[in-house]
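A short write-up of the structure that comes next.
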Amino acid sequence: MADTIYFLIKTEPSAYSIDDLKRDKTTSWGGVRNYQARNVLRSMKKGDTCFVYHSSCDVPAVVGEAIVTKEAYPDPLQFDKQSEYYDAGSPQATPRWSAIELKFVQKYKQPLSLTDMKKIPTLATMRLLQRGNRLSVFPVEMRHALFLQKRTTRDSA
DNA sequence: GCCAACGTTGGC
DNA sequence: GCCAACGTTGGC
């Protein structure tokens, strides 16, 4: 798929894991409260592939893949007073925050850990590995994406 | 518009 | 729990 665009999305498995996505099959991916990350969300197109990354856990790793099934729409959580993502300052007419819909694609049998990724020269320039990277959603370059897919396919074969 | 203080992310 | 790296806030 030559024109597939790739992204990486971080999630804390204690909050929402790849297993949760597998169970739900599709989910509204919201709660992003950073303008840079929001802008990335808004750039995502239907059919784009997302690598799912588990952060803030025992073994931070790329654990699977999802696909975008609905492009950016107003994140419902920003208007939900019960939600920790409620934003009283977000105007109803021009909502501040966006969400996308993701569909589960696969959970890797062999996740690719952050530790291992650091040992791979091809991935050295990947955004995930740059110091100070804190964005929860960002694009993945084609060469990095192809490497990840090849690697994880081989490892799970 | 500058910048210090503060808060958050996330690996270790 | 520590700490580096940023983003945000708010006084001036």
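Below, all heavy atoms of this structure are taken into account, side chains as well, without hydrogens, waters or symmetry copies. Lettering follows sequence order; numbering is per chain, from 1.
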Quick one: list whatever passes side chain to side chain donor-acceptor pair (under 3.5 Å) with A/S90, sequence neighbours left out.
A/Q78

Whole-Å distance, A/Y53 OH to B/dG10 C1', equals 8 Å

Rounded to the nearest angstrom, tell me the gap between atom NZ in A/K118 and atom C1' in B/dG10.
11 Å

Please identify each residue that fulfils ring pair (Phe, Tyr, Trp, His ring centres under 6.0 Å) with A/F138, with sequence neighbours left out.
none

Quick test: give all pairs of protein nitrogen or oxygen and nucleotides 2-9 of chain B nitrogen or oxygen below 3.5 Å, distance rounded to 0.1 Å.
unit_1: B/dT8; atom_1: O2; unit_2: A/R134; atom_2: NH1; d: 2.5

For A/W29, ring pair (Phe, Tyr, Trp, His ring centres under 6.0 Å) partners two or more places apart
none

Would you say the ring centers of A/W97 and A/Y73 fall short of 6.0 Å from each other?
no

Determine which pairs satisfy salt bridge (charged side-chain N to carboxylate O under 4.0 Å, His left out) with at least one residue from residues 132-141 of chain A, sequence neighbours left out, and list them in order.
A/E141-A/R143

Under the side chain to side chain donor-acceptor pair (under 3.5 Å) test, which residues partner A/R127, sequence neighbours left out?
none

Could you give the angle between the helix axes at the two ends of the helix from B/dG1-C/dC12 to B/dC12-C/dG1, with five pairs per end, rounded to 10 degrees?
10°

By the salt bridge (charged side-chain N to carboxylate O under 4.0 Å, His left out) test, which pairs, at least two apart or in different chains, include something from residues 86-107 of chain A?
A/D19-A/K107, A/D87-A/R96

Can you pull the side chain to side chain donor-acceptor pair (under 3.5 Å) pairs that have at least one residue in residues 52-64 of chain A, sequence neighbours excluded?
none

